Trainee: 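Below is a structure I'd like to ask you about.
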Number of protein chains: 2
Amino acid sequence: MRKEKRAEQRETLRRELDARGAHMTSQRAAVFDYLGQVEHHPSAEEVYLAVKRKLPKISLATVYKNLEKLVECGVASKLSYGDASARYDIRTDHHYHTRCLGCGSVHDFDSAQGLELLRQIAPADGFTVKDYRLELLGHCRKCSR
Amino acid sequence: MRKEKRAEQRETLRRELDARGAHMTSQRAAVFDYLGQVEHHPSAEEVYLAVKRKLPKISLATVYKNLEKLVECGVASKLSYGDASARYDIRTDHHYHTRCLGCGSVHDFDSAQGLELLRQIAPADGFTVKDYRLELLGHCRKCSR
DNA sequence: ATTCTTGCAAAAGATTTGCAAACAA
DNA sequence: TTGTTTGCAAATCTTTTGCAAGAAT
């Protein structure tokens with residue numbers, strides 16, 4: 001990822017933290033940066049192990065607290081719809097996920113017409129749709145052989 | 001639900017159990033029947049509490065084991081994409097769910113054109129789509145006031 | 001100076017497992 | 001009779017919480 005992009009993301013984070021009277025800490029920044037660096041959507045455990053390499057003293061509880069804070073600030077989202085642990089995603093714009101039935105990996109995919117098509121699927125009877133969650137289950141390139 | 005339908009479901013269960021050398025027990029039947037009776041998608045805990053009224057000696061572990069076995073037999077499915085505990089659903093045909101952001105309830109909804117529309121959303125690059133999971137988040141009739 | 005965050009350990013909630021006795025085939 | 005299932009308790013896994021010390025504003 002380009003440097004400008006990272007700086008821009010950091011600014012957004014700072015703004016959102018300020019708006020809530022929250023502080024910026026090295027642990028929080030590290031968790032945030034890691035989410036921004038990886039292509040996939042890691043579990044809290046994975047974030048912990050990764051950030052630990054830079055900040056050996058960090059605890060798993062701190063990682064959980066920070067992930068929750070990031071979601072609260074709207075700079076990350078939690079993908080709880082898996083079988084095991086929750087995954088975290090730095091994107092908050094509308095997109096969907098693929099989940100490999102072989103290795104369990106979760107990845108993004110975008111669809112230009114997606115939202116429009118989903119709107120056509122919406123039910124009527126009294127339910128007000130606020131958001132869509134779409135996950136494609138199948139096999140990734142590696143696992144399909 | 002009509003009696004014939006219940007009997008038909010039981011037959012399917014029996015067939016699938018036999019095919020796997022599994023046994024039919026009163027606990028297993030009770031768990032299965034409860035799933036077939038309710039309109040919503042209960043958690044293991046709820047199934048446990050309900051079945052306990054008929055079989056006071058049943059344990060939560062047994063309920064978990066049976067729910068897993070039913071999924072394994074293809075006569076129920078597990079809806080793990082929530083924030084808290086998993087939900088179980090006796091339907092295995094293709095349909096979708098609504099999840100209320102207010103009360104957390106999960107319900108079915110069918111869509112005639114759904115599958116066709118979803119196919120149009122599918123990504124290309126090396127991912128083989130086996131199934132779709134679509135959940136609509138919003139507010140049910142009760143919670144939207 | 002004040003408020004927030006950290007790290008630790010303990011707690012909590014959901015689910016799984018080991019095992020001897022009970023049950024279904 | 002043989003293999004499966006049950007019920008119990010203990011174990012496991014993920015996530016949350018209480019709290020005193022440390023860091024950010």
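Chain A is the first sequence line, chain B the second, and so forth, proteins listed ahead of strands; every chain is numbered from 1. It should be emphasised that the depicted structure is a prediction, and the values quoted were computed from it without experimental measurement.
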Trainee: What's the CG-P distance between L70(B) and dT5(D), to the nearest Å?
Mentor: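 Whole-Å distance recorded here is 11 Å.
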Trainee: Could you work out how much the helix from dA1(C)-dT25(D) to dA25(C)-dT1(D) bends, comparing the axis of its first five pairs with that of its last five, to 10°?
Mentor: 40°
Trainee: Nearest to the side chain of Y64(A), which nucleotide is it out of dT14(D), dT5(D), dT6(D)?
Mentor: dT14(D)
Trainee: Shortest non-hydrogen contact from H23(B) to L17(B)?
Mentor: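 Taking H23(B) first and L17(B) second, the nearest heavy atoms are O-CD1, 3.8 Å.
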Trainee: Determine whether L136(B) and Y132(A) make a side-chain contact, defined as any pair of heavy atoms from C-beta on separated by less than 4.5 Å.
Mentor: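 In short, these two side chains touch, coming nearer than 4.5 Å.
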Trainee: Within the 4.0 Å heavy-atom criterion, would you say I58(B) contacts the bases, only the backbone, or no part of the nucleic acid?
Mentor: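 Counting heavy atoms under 4.0 Å across all strands, the contact made by I58(B) is with sugar-phosphate only.
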Trainee: Side-chain N or O of S59(B) versus OP1/OP2 of dT6(D): is the shortest distance under 4.0 Å?
Mentor: no
Trainee: Protein within reach of the bases, or only the backbone? For nucleotides 18-25 of chain D, mark each nucleotide 5' to 3' as B, S or -, using heavy atoms under 4.0 Å.
Mentor: B-----BS
Trainee: May I have the distance from R28(B) (atom CZ) to dT4(D) (atom P), rounded to whole angstrom?
Mentor: 11 Å
Trainee: Is any side-chain N or O of Q27(B) closer than 4.0 Å to OP1 or OP2 of dC23(C)?
Mentor: no
Trainee: Any Lys/Arg nitrogen of K69(A) or E72(A) sitting under 4.0 Å from an Asp/Glu carboxylate oxygen of the other?
Mentor: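 A salt bridge links K69(A) with E72(A).
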Trainee: Which atom pair, heavy atoms only, marks the closest approach of V71(B) to K78(B)?
Mentor: CG2-N, 4.1 Å
Trainee: Looking only at heavy atoms, which two atoms of R28(B) and A22(B) are closest? And how far apart?
Mentor: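 Taking every non-hydrogen atom into account, NH1-CB, 4.0 Å.
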Trainee: Rounded to the nearest angstrom, tell me the gap between atom NZ in K78(B) and atom P in dT15(C).
Mentor: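 Rounding to the nearest Å, NZ of K78(B) and P of dT15(C) are 7 Å apart.
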Trainee: Rounded to whole Å, please give me the gap between CG in L49(A) and P in dC13(D).
Mentor: 14 Å
Trainee: What verdict does the salt bridge (charged side-chain N to carboxylate O under 4.0 Å, His left out) test give for R14(A) and E11(A), after you've listed the backbone C-alpha separation in whole Å, the side-chain angles of each residue and the deciding distance to 0.1 Å?
Mentor: CA-CA 5 Å; R14(A) 178 132 241 150; E11(A) 257 177 58; over 6 Å; no
Trainee: Using whole Å, report how far CG of L17(B) lies from C1' of dA25(C).
Mentor: 12 Å
Trainee: K52(B) has an atom NZ; how far is it from atom P of dC8(D), in whole Å?
Mentor: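 Interatomic distance, NZ of K52(B) to P of dC8(D): 8 Å.
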Trainee: Check V63(A) against A44(A) and note the closest heavy-atom contact, atom names and distance.
Mentor: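 So the two residues come closest at CG1-O, 3.7 Å.
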Trainee: Within this structure, what is the CG-to-C1' distance between L67(B) and dA14(C), rounded to whole angstrom?
Mentor: 13 Å
Trainee: Is any NZ, NE, NH1 or NH2 atom of the basic residue among E68(B) and K65(B) found under 4.0 Å from an Asp or Glu carboxylate oxygen of the other?
Mentor: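 A salt bridge is absent here (no side-chain N lies under 4.0 Å from a carboxylate O).
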Trainee: Would you call the rings of H41(A) and H97(A) parallel, tilted or perpendicular, taking 30° and 60° as the class edges?
Mentor: perpendicular
Trainee: For R20(A) and L55(A), find the nucleotide of DNA chain C closest to each by heavy atoms; which residue's nucleotide sits nearer the 5' end?
Mentor: R20(A)
Trainee: To the nearest Å, give me how far apart CD (E72(A)) and C1' (dC4(C)) are.
Mentor: 12 Å
